[in-house]
Amino acid sequence: MALKPRPSQRLPPSRNPAMARDEGSVVRRLYLSVYNWLVFIGWVQVLCRMILALLDNGHEAVYAAIERPLQFAQTAAIMEILHSIVGLVRSPVSATLPQISGRLFITWGILWSFPETHSHILVTPLIMSWSIAEVIRYSFFGMKESFGFTPSWLLWLRYSSFVICYPVGIVSEVGIIYIAFPFMKASEKYCLRMPNQWNFSFDYYYASALLMALYFPGFLYLLRHMIAQRKKALSKAKTT
């Protein structure tokens with residue numbers, strides 16, 4: 001007969017799966033709350049600095065005023081691609097990846113790489129559309145993760161502001177790329193010419209032109225996605 005272990009020798013009871021799920025949910029919400037509020041602060045800085053620079057010195061001074069917080073806030077969005085991949089959020093990778101990749105290309109591949117674009121007037125509507133949309137979006141998700149609810153007016157703004165911000169942003173992005181073309185061609189920055197040890201050539205000018213051509217189908221795809229999101233979110237809000 002097998003001997004029963006004495007009380008001091010008994011193994012601890014296994015953890016309750018429901019309790020483990022609850023703890024995981026708390027950690028997830030805490031992380032997403034911190035992330036959303038930090039990036040929200042970054043975009044608020046971008047918006048406030050843009051307005052002050054615009055009022056004081058005109059559109060030529062906008063980029064210099066917002067460069068650092070813009071780079072922080074936009075680069076931090078890389079984490080959202082990872083959030084989608086691992087299932088931390090419900091946003092599909094198919095919608096998250098092209099939008100954030102395009103923004104990163106404009107931030108680093110155009111504005112940072114070609115200072116000649118900084119004083120152009122299109123920088124102002126670009127930054128204005130980005131910052132307004134992101135201040136609304138990150139405050140919405142920050143409140144949702146932190147408090148479990150969002151005011152109805154913020155819900156409406158979250159799923160309606162894209163009607164203006166998105167087209168303005170897309171037109172400004174395409175315009176900024178087009179403006180940078182002569183500087184790309186003249187400088188040959190990021191180009192790789194043959195012959196080389198990899199037996200491979202790359203032309204940043206033509207790669208950027210290809211990316212710009214993809215904006216139109218990408219715009220239609222993301223627009224349909226956002227319209228569907230809006231319909232679903234606002235109809236759900238009405239029923240509740």
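Keep in mind that the numbers below use all heavy atoms, side chains included, and drop hydrogens, waters and symmetry copies.
A side-chain donor-acceptor contact under 3.5 Å links Ser84 and Thr96. Ser146 and Trp37 are linked by a side-chain donor-acceptor pair at a separation below 3.5 angstrom, with hydrogens and angles left out of the test.
Crowding of Phe216 atom CZ: a count of heavy atoms from other residues, nucleotides or ligands under 6.0 Å not exceeding 12. Within 6.0 Å of atom CG in Leu52, more than 12 heavy atoms from other residues, nucleotides or ligands are found, so the atom counts as buried in its surroundings. Within a 6.0 Å sphere centred on CD1 of Ile227, heavy atoms belonging to other residues, nucleotides or ligands number more than 12.
Here the side chains of Arg230 and Trp156 are in contact, with some heavy-atom distance below 4.5 Å. Within the 4.5 Å cutoff, no side-chain heavy atoms of Tyr63 are placed close to those of Pro115. For the pair Gln229/Phe162, no side-chain contact is recorded, criterion being any heavy-atom separation below 4.5 Å from C-beta on. Annotation: side chain of Trp43 is in contact with side chain of Leu70 (closest heavy-atom distance under 4.5 Å). Side-chain contact between Leu88 and Tyr31: present, with at least one pair of heavy atoms (C-beta onward) separated by less than 4.5 Å. Here the side chains of Leu82 and Met79 are in contact, with some heavy-atom distance below 4.5 Å. Residues Glu134 and Phe40 have side chains not in contact (no heavy-atom distance under 4.5 Å, counting atoms from C-beta outward).
Annotation: salt bridge (charged side-chain N to carboxylate O under 4.0 Å, His left out) contacts involving residues 77-95, sequence neighbours excluded, comprise Glu80-Arg137.
Checked by atom type and distance alone, the side chain of Arg29 pairs as donor or acceptor with a backbone atom of Glu145 at under 3.5 Å. Formation of a donor-acceptor pair under 3.5 Å by the Asn196 side chain with backbone atoms of Arg193 is found in this model. In this structure, the side chain of Ser235 engages the main chain of Lys232 through a donor-acceptor pair within 3.5 Å. Between the side chain of Ser129 and the backbone N or O of Leu126 there is at least one donor-acceptor pair closer than 3.5 Å. A distance-only check finds a donor-acceptor pair linking the side chain of His118 to the backbone of Leu111 [under 3.5 Å]. For Ser160 (side chain) and Leu157 (main-chain N/O), no donor-acceptor pair under 3.5 Å exists by modelled atom type.
A centroid separation of less than 6.0 Å is found between the aromatic rings of Tyr204 and Tyr190. Ring to ring, Phe219 and Tyr166 are close: their centroids are under 6.0 angstrom apart.
For the side-chain hydrogen bond (donor to acceptor under 3.5 Å, both in side chains) test, no residue two or more places apart in sequence or in another chain qualifies with Arg49.
Going from atom CD1 of Ile164 over to atom CE of Met128 covers 12.0 Å, rounded to the nearest 0.5 Å.
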List the atom pairs, with distances to 0.1 Å, where a side-chain N or O of residues 168-187 and a protein N or O form a donor-acceptor pair under 3.5 Å, not counting sequence neighbours.
unit_1	atom_1	unit_2	atom_2	d
Ser172	OG	Val168	O	2.8
Glu173	OE1	Tyr215	OH	2.7
Glu173	OE2	Trp130	NE1	3.1
Ser187	OG	Phe183	O	2.7
Ser187	OG	Lys189	N	3.3

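Using cut-offs of 30° and 60° for the angle between ring planes, the Phe200 and Phe202 rings count as parallel. By the 30° and 60° cut-offs, the orientation of the rings of Phe149 relative to Phe147 is tilted.
Considering all non-hydrogen atoms of both residues, Thr117 and Val123 come closest at O-CG2, 3.4 Å. Considering every non-hydrogen atom in both Phe105 and Ser208, the closest pair reads CZ-OG, 3.5 Å.
Put simply, Leu104 and Phe72 are part of two different groups of oily side chains (I, L, V, M, F, W, Y) that touch within less than 4.5 Å, one to the next.
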Under the ring pair (Phe, Tyr, Trp, His ring centres under 6.0 Å) criterion, do His83 and Tyr35 qualify, and how do the steps go?
-> CA-CA 11 Å; His83 296 166; Tyr35 169 80; 5.1 Å; yes
